[in-house]
Amino acid sequence: MRRTFSVILFLVMASIDNTVLAILPQVVPSVGAEFRVPDRLATLIVSLNLLVVALTGLVWGYRSDQSDRRRLLLIGTLAWALPVALVRWADSYPVFLALMLLAGLGLGCISTVGYSIITDLVPERRRGLLLGIWGLAQGIGSLLAGLLVGRLLEPQGWRAPLEVMALAGLSCSALALLAVSPAPGSADEALHTLHARGGEYPYRIRRADLPLVLGKASNRWLMAQGFLAQLAYGPLYLLVVLLTARLTAQGLPLERANSVAALFWTMLQLGGIISLLWGWLGDRLQQRNPRARALIAAYGFWLATPCYLALFWTPLPLEAPTGGSALALLLAQLRSSAWWWIAMLAATLAVAAQATNAPNWFALVSDVNLPEHRGTAFSLVTLANNLARALGTLLAGMTFDLLRRGLPEPFNYALGLSLFQLFFVPAGVCFWLAARSAPRDIAGVQATLRRRAAQAGV
């Protein structure tokens, strides 16, 4: 029961962590308007926050392979929740930026340390399914972000969603004291007999191991795909900016348009639920073909790209009354206009195809790395991801401003987002190349674990 509680708690913490990261880009229009800064400075907050998350995640991941991971989760959660709780008193752009940078120090902990623990709580044959749930939890965080922004921004202001999440984070930090911190490798089948007889897996990462982690071809391809994919995925968080611009161009006030756009963005993410199926399918096919996980993710990227392009260029005319709450306004448009349903269909297909990525690359990182290297390897891949997401978000803001010189809103946002989605194509190629190296790296990990178990007398 305690292991089950721990899994649920870590999934909730991953969801909360992603909610905070997803709230920031969704309140960009309102933040920019209050502090009277252009798009490039408003999106700079998102980019720098992601940059701090990326750099500190590497430290958190390395430490997770050396020390008590439960204590790290407690410290990391407090490190982001306290600065986020202080946004109520952020009365200027520099103060808000400083608080978000401080929060980034702790936000880099949850995904890397939590991932490291999760991989040691479930058998490797079910790893894809559970990591699909892990990815779904993060997707739920994005949905929750849109829901909070959509419901709270207009009546209470853009700070309210962040304050709610700070309270949730502080609550989880207390519950983390009750969670299990499993021994590294405790879920690996090659070490099952060792642990069943009371033996320990004593290996911990050392600095001398870092070249071994980086030397694996699969790790390098996963880092490359993460960097390229996040150049496309990072700007996707600014889809709310495009949706808001479409609505304000038709006469809606900014905060009302921002609220409706956030709620609609939430509905567009529903396709992510299928990540559970992709994780399960990856587990089944991986047992037959060690290339399966990487190939599934590659095809998902290629299928998602045209669907996203269709979403960006679908008009969203206001064909029904715009009174009542933001939710009532949104539902009225869905009853009156087929264009809104076309946008939902395109987004659902895109998100469902892209959902192949998370559970399969999560599991693939575990498959190709030794237990004492997984936190570090994951943090290296996440470092590439977050650096690119920060860079992509920053470049997207600059691109929006540049295109505005020749294109009116919202067409500058639609074209800018379309250009960045092209990075999904080479990202899929990197997954295809990882599929070629993964069988060799997986076989090497299993051989090493069996040898170590034999040396321990099992």
Side-chain angles (χ1 to χ4, degrees), residues 7 11 14 114-139 182 184-192 213 216-226 229 272-304 352-375 377-378 380-382 385 427-450 453:
V7 170
L11 291 173
Y115 165 85
S116 177
I117 296 177
I118 285 287
T119 58
D120 287 324
L121 284 174
V122 293
E124 56 190 277
R125 65 182 181 276
R126 298 178 181 173
R127 198 168 279 158
L129 176 60
L130 183 64
L131 291 173
I133 300 175
W134 175 266
L136 177 61
Q138 297 188 15
S186 58
D188 286 85
E189 294 181 4
L191 301 174
H192 177 73
V213 176
K216 287 190 175 182
S218 298
N219 285 337
R220 294 198 302 271
W221 286 123
L222 289 173
M223 291 176 67
Q225 73 79 24
I273 296 174
I274 204 172
S275 64
L276 293 176
L277 173 61
W278 295 128
W280 173 82
L281 183 63
D283 284 340
R284 295 291 299 272
L285 296 180
Q286 187 74 8
Q287 294 176 22
R288 304 175 186 176
N289 183 354
R291 303 176 61 199
R293 295 196 198 278
L295 290 177
I296 291 172
Y299 297 143
F301 276 151
W302 293 333
L303 289 172
Q354 187 184 309
T356 60
N357 177 28
N360 287 293
W361 82 258
F362 281 147
L364 193 58
V365 172
S366 296
D367 291 343
V368 302
N369 288 284
L370 293 167
E372 71 271 22
H373 294 166
R374 286 170 186 160
F378 180 75
L380 285 168
V381 178
T382 304
N385 287 5
V429 174
C430 290
F431 260 132
W432 185 80
L433 292 170
R436 300 177 62 183
S437 62
R440 180 178 64 254
D441 291 334
I442 293 171
V445 167
Q446 293 302 313
T448 299
L449 293 180
R450 286 192 296 267

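For reference, positions follow the sequence shown, starting with 1.
Using a distance-only test at 3.5 Å, with no hydrogens or angles considered, no donor-acceptor pair links the side chain of Asn289 to the main chain of Leu285. Between the side chain of Asn219 and the main chain of Val213, a donor-acceptor pair closer than 3.5 Å is present. Of the possible polar contacts, one joining the Trp278 side chain to the Ala352 backbone as a donor-acceptor pair under 3.5 Å is found. With hydrogens and angles ignored, the 3.5 Å screen pairs no side-chain donor or acceptor of Gln287 with any backbone N or O of Arg284.
In terms of heavy-atom proximity, Arg291 sits nearest to Ala435 at CG-O, 3.0 Å. Shown here for Asp367 and Gln286, the closest heavy-atom pair between the two residues is OD2-NE2, 4.0 Å. For Gly226 against Asn385, the heavy-atom pair with the smallest separation is CA-OD1, 2.8 Å. Residues Ala427 and Gln225 share a closest heavy-atom pair of O-CB, 3.6 Å. Closest heavy-atom contact between Ala298 and Phe431: CB-CB, 3.6 Å.
For the side chain to side chain contact (heavy atoms under 4.5 Å, CB included) test, residues two or more places apart in sequence or in another chain that qualify with Val445 are Lys216, Leu370, Leu449. Residues meeting the ring-ring contact (aromatic ring centres under 6.0 Å, His included) test with Trp280, sequence neighbours left out: none. Under the rule for a ring-ring contact (aromatic ring centres under 6.0 Å, His included), the partners of Trp361 that lie at least two apart in sequence or sit in another chain are Phe378. Residues passing the side-chain hydrogen bond (donor to acceptor under 3.5 Å, both in side chains) test with Thr356, sequence neighbours excluded: none. By the side-chain hydrogen bond (donor to acceptor under 3.5 Å, both in side chains) test, Asp283 pairs with Arg293, sequence neighbours left out.
Side chains of Trp302 and Val429 form a contact here, defined as non-hydrogen atoms less than 4.5 Å apart.
Taking CG from Asn360 and CG from Leu295, the interatomic distance works out to 10.0 Å, rounded to the nearest 0.5 Å. A distance of 13.0 Å separates CD1 in Ile296 from CZ in Phe301, rounded to the nearest 0.5 Å.
Listed by first then second residue, pairs satisfying side chain to side chain donor-acceptor pair (under 3.5 Å) with a partner in residues 429-442 read Ser218-Ser437, Ser218-Asp441, not counting sequence neighbours.
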